[in-house]
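The model shown is predicted, which means the values in this text are computed figures rather than measured ones. Residue numbers start from 1 in every chain, and the chains themselves are labelled A, B, ... in the order their sequence lines are given, proteins ahead of strands.
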2 protein chains.
Amino acid sequence: MTRVLVVDDDPQLLRALRITLSARGYDVTTVADGTTALAAASRTPPDLVIVDLGLPDIDGVAVVEGLRGWCTAPIIVLSARHAEPAKVDALDAGADDYVTKPFGMDELLARVRAALRRAAPATGHAIVSTDAFTVDLANKRVTTPTGEVRLTPTEWHLLEVLIHEPGKLVTQRQLLQQVWGPAYETETTYLRVHLANLRRKLEPDPARPRYLITEPGIGYRFTPEQPV
Amino acid sequence: MTRVLVVDDDPQLLRALRITLSARGYDVTTVADGTTALAAASRTPPDLVIVDLGLPDIDGVAVVEGLRGWCTAPIIVLSARHAEPAKVDALDAGADDYVTKPFGMDELLARVRAALRRAAPATGHAIVSTDAFTVDLANKRVTTPTGEVRLTPTEWHLLEVLIHEPGKLVTQRQLLQQVWGPAYETETTYLRVHLANLRRKLEPDPARPRYLITEPGIGYRFTPEQPV
DNA sequence: GGGTGGCGTTAAGACGGCGTCAAGATCCGC
DNA sequence: GCGGATCTTGACGCCGTCTTAACGCCACCC
């Protein structure tokens with residue numbers, strides 16, 4: 001089911017959105033401030049985010065930027081502000097759409113459909129495989145030539161983030177933020193230990209990793225194939 | 001260059017859009033009715049379409065549907081109609097965004113950027129390449145004819161700043177400030193050593209640099225191509 | 001022609017990050 | 001309340017990177 005995260009400090013609007021979106025078959029999560037929103041998003045990544053600009057704790061634009069660091073889901077910004085600079089800022093921060101209050105529910109739903117339709121191709125492939133192991137993202141299973149491997153929740157989460165975009169370097173910051181939450185951005189020891197565990201379970205030769213590569217001082221990278 | 005097709009029957013607005021978009025570096029084609037628009041689009045597929053709902057020959061929604069049949073470029077609909085059903089129809093027909101007139105030019109430009117950004121993965125990602133090496137900024141990878149090159153964090157940071165605006169001179173001050181921080185503005189020795197390392201890894205002949213050029217007493221410059 | 005300042009090169013040492021292991025803390029199901 | 005799995009935390013050795021210094025070269029100026 002399509003997960004929608006709604007961030008707004010107005011209880012009434014929050015309730016209306018939850019009811020309307022749920023009725024359309026979306027899996028809705030509602031939160032009332034930016035910090036909770038970022039935490040919720042990193043715990044269970046949403047397929048779409050609706051965020052109000054006027055939040056009690058942090059600026060809505062900051063929430064957009066925080067999400068965009070690692071999350072490609074479309075973001076629709078709500079705001080009572082009709083001023084142009086506000087719209088430009090939000091859109092350039094990474095938002096996909098900007099809707100001014102008051103708005104019609106039918107229009108918002110149409111914009112949600114449009115945003116999801118555009119983002120759809122990204123939510124594709126469910127299986128990633130290398131010479132040494134195969135990852136079934138949908139069924140949460142990993143198999144190696146010697147049989148099926150059991151991963152702990154943390155290991156799985158870590159692997160998911162790394163595998164999401166093969167070949168792409170993921171910074172330590174991004175990994176920590178997404179797996180452990182924004183408050184753990186500096187706990188690089190976690191990464192070392194759990195990466196070591198993952199390698200022990202997946203790599204043919206854990207001491208010389210071929211697929212889960214360290215980029216010293218920057219982050220880690222999943223490489224599907226051996227270059228050369 | 002990014003091709004934008006603008007469809008509107010108002011000559012004034014058409015002119016304003018052509019001038020503004022061209023000034024931002026877009027390759028603009030303007031047409032005044034739906035039939036011509038569909039013909040133009042099939043001749044040279046655009047990267048983005050801006051279409052007015054109130055066209056003289058056929059309905060704007062029909063234009064959107066006609067394009068969506070074979071073209072995945074983002075479509076932004078313009079309209080004087082504020083009514084909700086019109087927005088819903090246009091969005092559900094395949095439009096990516098709906099802007100009501102009158103609108104601010106800055107907002108429209110921001111929405112154009114947002115739409116193109118979302119569609120970007122199909123177009124390809126940020127890559128800077130020369131005859132001697134290729135830099136993949138998104139994946140943080142550098143390749144030369146002899147294979148992939150590993151850069152240290154500092155070297156990456158330095159290269160990123162230099163490559164950000166190809167051909168442009170970057171002063172020593174700017175480099176030191178961005179890579180090491182404001183407190184290191186005078187440590188030009190750092191630059192010499194790390195630039196030497198970068199050249200050793202990237203330049204075909206590190207002793208006679210072709211791409212990472214020194215401007216004595218001022219700073220450094222990244223030159224994508226050999227000036228004869 | 002000698003002096004000076006900026007630049008490139010090289011090498012050595014200090015420093016910090018990384019992988020590894022193992023023990024304590026915590027959570028969860030039974 | 002208990003036991004097992006999982007996560008956190010600390011210690012240690014190793015290796016790569018950054019810093020720092022010394023030296024030679026070149027262009028420019030006096």
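Ion pairing between a basic and an acidic side chain is recognised when a charged N comes within 4.0 Å of a carboxylate O; B:K140 and B:E160 show such pairing. Taking a cutoff of 4.0 Å between a charged side-chain nitrogen and a carboxylate oxygen, B:E148 and B:R141 qualify as a salt bridge. Checked for salt-bridge contact, A:D27 and A:R3 miss the test: no charged N lies under 4.0 Å from a carboxylate O. Note on B:R111 versus B:D96: no salt bridge recorded, every NZ/NE/NH1/NH2 to OD/OE distance being 4.0 Å or above.
Applying the 4.0 Å criterion to OP1 and OP2 of C:dG8, one finds that B:R199 has a side-chain N or O inside that range. For A:T152 and D:dA5, the shortest distance from a side-chain N or O to OP1 or OP2 is not below 4.0 Å. Here B:Y190 reaches the OP1 or OP2 of D:dT20: one of its side-chain N or O atoms lies under 4.0 Å away. At least one side-chain nitrogen or oxygen of A:W180 sits closer than 4.0 Å to the OP1 or OP2 atom of D:dT8. For A:Q172, a side-chain nitrogen or oxygen approaches OP1 or OP2 of C:dC18 to under 4.0 Å. For A:Y220 and C:dG19, the shortest distance from a side-chain N or O to OP1 or OP2 is below 4.0 Å.
For A:T214, the side-chain atoms get nearest to C:dC18 when compared with the rest of D:dT6, D:dT17, C:dC18. Among the nucleotides D:dT19, C:dC18, C:dC7, the one closest to the side chain of A:R192 is C:dC18. Nearest nucleotide to the B:A207 side chain, out of C:dT9, D:dT20, D:dT9: C:dT9. Closest to the side chain of A:R150, from the set D:dT19, D:dT6, D:dT20, is D:dT6. Checking C:dT9, D:dT9, D:dC7 against the side-chain heavy atoms of A:T154 singles out D:dC7 as nearest.
One can place CZ of B:R208 at 11 Å from P of C:dT9, the figure rounded to the nearest angstrom. Here the P atom of nucleotide C:dC21 and the CG atom of A:N197 are 10 Å apart, to the nearest Å. Separating the CG atom of B:L191 from the P atom of D:dT19 is a distance of 11 Å, rounded to the nearest angstrom. For B:H157 and D:dC18, the NE2 to P distance is 12 Å, given to the nearest whole Å. For the pair B:L158 CG and D:dT19 P, the computed distance is 11 Å after rounding to whole Å. If you measure from atom CG of A:L176 to atom P of D:dT8, you get 11 Å, rounded to the nearest angstrom. In this structure, A:L195 atom CG and C:dG17 atom C1' are separated by 14 Å, rounded to whole Å. To the nearest angstrom, P of D:dT6 lies 10 Å from NE2 of A:H194.
In terms of position on DNA chain C, the residue among B:T188 and B:R200 whose nearest nucleotide sits closer to the 5' end is B:T188.
Checked against a 6.0 Å centroid threshold, the rings of B:W180 and B:H194 count as neighbours.
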